[in-house]
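Structure first, commentary second.
Numbers restart at 1 for each chain; the letters A, B, ... are given by sequence-line order, proteins then strands.
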Protein chains: 2
Amino acid sequence: MKYSHKLSDAVHVLSYIEIFQDEDLSSKAIADSIESNPSLIRRLMSSLSKAGLLITRSGSVSPRLSRPADQISLLDIYLAIDDSHELLHVDKKTNMNCPVGRNIQDTLNVAYDQVQKAAEKSMQSIVLQDLIEDVLMREKNRNK
Amino acid sequence: MKYSHKLSDAVHVLSYIEIFQDEDLSSKAIADSIESNPSLIRRLMSSLSKAGLLITRSGSVSPRLSRPADQISLLDIYLAIDDSHELLHVDKKTNMNCPVGRNIQDTLNVAYDQVQKAAEKSMQSIVLQDLIEDVLMREKNRNK
DNA sequence: TATGGTGTTACTATATAAATAACAGTTACT
DNA sequence: AGTAACTGTTATTTATATAGTAACACCATA
């Protein structure tokens, strides 16, 4: 992926919504927690609801997860917010007059696919519920 | 921010050096194949030699792999050219006054580490020799 | 000792994402 | 119904990592 922390922010948003489901869930309140701005949060939430992970209602402060947190994987979130689905990137501009230049892209695409699959498999094994529990556990340990 | 194809270029450089070891291996010649410029290539090669993958001599056109291509993994190359060693990135700026904001970074670091390890394990299983053979095989198939 | 290459640093340009702004449309409340 | 608040979306600006370029001291070879 590019150097982006959208995935992190998306996990943050979903965790916040689940943890604080009975409190203020306006884009402003969530933005405060991320130290970002409401517009960005709304765009993130838009991606998440388009991907079927979040249920929102226009004009109404009522976001909620579309399914239990243990049925939402990190991979689901990653696929929802990352358009390219590529952690590694081939150089698109190589010399087609060179035997290496004209073949290296295909070669790397196959290799990178394998790495991507391994990463995605790992992401699939991590569910939002685990992340939320980890956050709450850390918070609990702070308070003693 | 731009996404990086340094890893791809590094694989390209090493493959080129191994394949064309008896021909012109000047940074200019390699840059032509990548459609980049000599200075960038020299910087890449500097990283690769610092990591012990490449042997070069200042002032002399004589780069060569420091060990057989089947003993250089994609992971070796990745570690040589990528400073941060992070495919995923946590948002460094979250609100420490919020229970989620002050814990999510640690939580995500653990999760991302797991994904990183999975990706790196996959990279370790791919060796430069495989990539070179794949390039040559593709070239051969073109010519029939 | 002249020519050409390397290794390195500094600087510029470019691309991508974050941040911000703006606003039509929706909801909720009185 | 009227109004205040919020969402969803698009457009614009800003920040910054990376590629690209330039420059040059040092080294190697003929």
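Proximity of a side-chain donor or acceptor of A/Ser8 to a complementary backbone N or O of B/Gln105 within less than 3.5 Å is not detected. B/Gln116 contributes a side-chain N or O that, together with a main-chain N or O of B/Leu87, makes up a donor-acceptor pair within less than 3.5 Å. Looking at B/Ser49, its side chain does come within 3.5 Å of a backbone N or O of B/Met45 through a donor-acceptor pair.
Across the protein-nucleic acid pair, A/Asp9 atom CG and C/dA18 atom C1' stand 9 Å apart, rounded to whole Å. Rounding to whole angstrom units, CG of residue A/Asp91 and P of D/dA19 are separated by 9 Å. Look at CD on B/Glu35: it is 14 Å from C1' on D/dG20, rounded to the nearest Å. Rounded to whole Å, atom C1' of D/dT18 lies 15 Å from atom NZ of A/Lys92. For A/Asn37 and D/dA15, the CG to P distance is 14 Å, given to the nearest whole Å. Between the CG atom of B/Leu40 and the P atom of D/dT21 there is a distance of 9 Å, given to the nearest Å. Atom P of nucleotide C/dT20 and atom CD1 of A/Ile34 are separated by 14 Å, given to the nearest angstrom. Whole-Å rounding puts the B/Asp82 CG to D/dA17 P distance at 14 Å.
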Pick out the pairs of N or O atoms, protein on one side and nucleotides 8-12 of chain C on the other, that lie under 3.5 Å.
unit_1: C/dT8; atom_1: OP2; unit_2: B/Ser46; atom_2: OG; d: 2.8
unit_1: C/dT8; atom_1: O4; unit_2: B/Ser39; atom_2: OG; d: 3.2

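Residues B/Asn97 and B/Asn95 come closest through the heavy atom pair N-OD1, 2.8 Å. Listed here is the closest heavy atom pair of B/Val135 and A/Pro99: CG1-O, 3.9 Å.
In this model, the phosphate group of D/dA19 is approached by a side-chain N or O of B/Ser4 to a distance below 4.0 Å at OP1 or OP2. Regarding contacts with the backbone of C/dG5, every side-chain N or O of B/Ser26 stays at 4.0 angstrom or more from both OP1 and OP2. Regarding contacts with the backbone of D/dC6, every side-chain N or O of A/Arg57 stays at 4.0 angstrom or more from both OP1 and OP2. Taking 4.0 angstrom as the limit, A/Ser27 places a side-chain polar atom (N or O) nearer than this to OP1 or OP2 of D/dT7. Side-chain N/O atoms of B/Lys28 include none lying less than 4.0 angstrom from OP1 or OP2 on C/dG4. Contact check, A/Ser58 against C/dG25: no side-chain N or O comes under 4.0 Å of OP1 or OP2.
The residue A/Ser36 sits close only to the backbone: its heavy atoms come under 4.0 Å of sugar-phosphate atoms, none of a base.
Nearest-nucleotide positions on DNA chain C for B/Gly59 and A/Val61 put B/Gly59 closer to the 5' end.
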* Asked: Are B/Glu133 and B/Gln129 close enough, and set up right, to give a side-chain contact (heavy atoms from CB on, under 4.5 Å), and what steps lead you there?
  -> CA-CA 6 Å; B/Glu133 277 169 15; B/Gln129 182 69 33; 2.9 Å; yes
* Asked: Where do B/Tyr78 and B/Glu120 land on the side-chain contact (heavy atoms from CB on, under 4.5 Å) test, with the steps shown first?
  -> CA-CA 9 Å; B/Tyr78 170 77; B/Glu120 292 189 357; 3.9 Å; yes
